[in-house]
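Have a look at the structure below before the remarks.
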Amino acid sequence: MARTSLRDTSNGKIFSTANLIFGIGQISKMTDVSTRQLRYWESKGYIKPKEREDGNTSRLYGYDTFLKVSGIKLMLDEGYTLAASVERTDALMAEAFNIRGFLLDAYHGQATIDGNTMLDLGYFDEDHTQRLYARRTEDNRVHYVVKPENGAN
DNA sequence: GTTCTTACA
DNA sequence: TGTAAGGA
């Protein structure tokens with residue numbers, strides 16, 4: 001039995017948001033964006049309800065749409081136009097997902113080094129003789145450590 | 001009670 | 001974009 005890895009969080013296993021589905025009323029209350037606005041944004045192609053095969057015509061939105069609406073609303077409140085808010089939110093979400101994917105691939109587990117819990121970021125060199133570790137300090141700065149793979153310093 | 005479309009202010 | 005109408 002394979003150990004559950006963080007990668008499983010992005011392919012629909014644990015911590016999945018696949019079943020997090022909301023109606024237009026829920027999204028409206030969660031984001032403080034009116035149902036009128038949500039339907040209007042849909043007409044402009046900014047958001048899209050989930051496809052549904054049953055005959056029901058009421059809109060259902062996924063977690064991703066909730067995040068997008070939240071972002072757009074935030075930008076809107078900061079004074080950006082709707083179009084600009086959508087553009088900026090799309091860019092931010094793309095960055096966020098890129099970062100998440102990168103981290104999932106870079107993370108190789110935890111290790112205790114000199115009494116500190118650090119992230120094992122895998123091999124540091126092409127020859128695979130050293131590993132890179134990182135941790136955040138108390139003031140949220142990132143501290144890196146490179147150690148020989150065999151542990152013999 | 002909630003959501004949908006259409007229409008008007 | 002809010003609100004109202006008339007249905008589903």
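Just so you know, these numbers come straight off a predicted model, no measurement behind them. Within every chain, numbering begins at 1; the chains are lettered A, B, ... in the order of the sequence lines, protein sequences first and strands thereafter.
Within the shown strands, dT2(B) is the pairing partner of dA8(C) under the Watson-Crick or G-U definition, both distances less than 3.5 Å.
No more than 12 heavy-atom neighbours from other residues, nucleotides or ligands sit within 6.0 angstrom of CG on Asp114(A). The number of heavy-atom neighbours closer than 6.0 Å to OH of Tyr123(A), taken from other residues, nucleotides and ligands shown, is above 12.
In this structure, CG in Leu67(A) is found 11.0 Å from OG1 in Thr31(A), a value given to the nearest 0.5 Å.
In this model, the phosphate group of dT3(B) is not approached by any side-chain N or O of Arg59(A) to a distance below 4.0 Å at OP1 or OP2.
Of the candidates Asp77(A), Asp90(A), Leu82(A), Ile72(A) forms a side chain to side chain contact (heavy atoms under 4.5 Å, CB included) with just one, namely Leu82(A).
Nucleotides of DNA chain B nearest to Arg36(A) and Leu60(A) differ in position, and the one nearer the 5' end is that of Leu60(A).
Contacts of Thr35(A) with the nucleic acid, taken as non-hydrogen atoms under 4.0 Å apart, are absent. The residue Arg39(A) sits close to a base: some heavy atom pair falls under 4.0 Å.
The separation between Glu42(A) atom CD and dT3(B) atom P is 14 Å, rounded to whole Å. The CG-C1' distance, from Asn56(A) to dC4(B), rounds to 11 Å in whole Å. Atom CG of Asp77(A) is separated from atom P of dT1(C) by 11 Å (rounded to the nearest Å).
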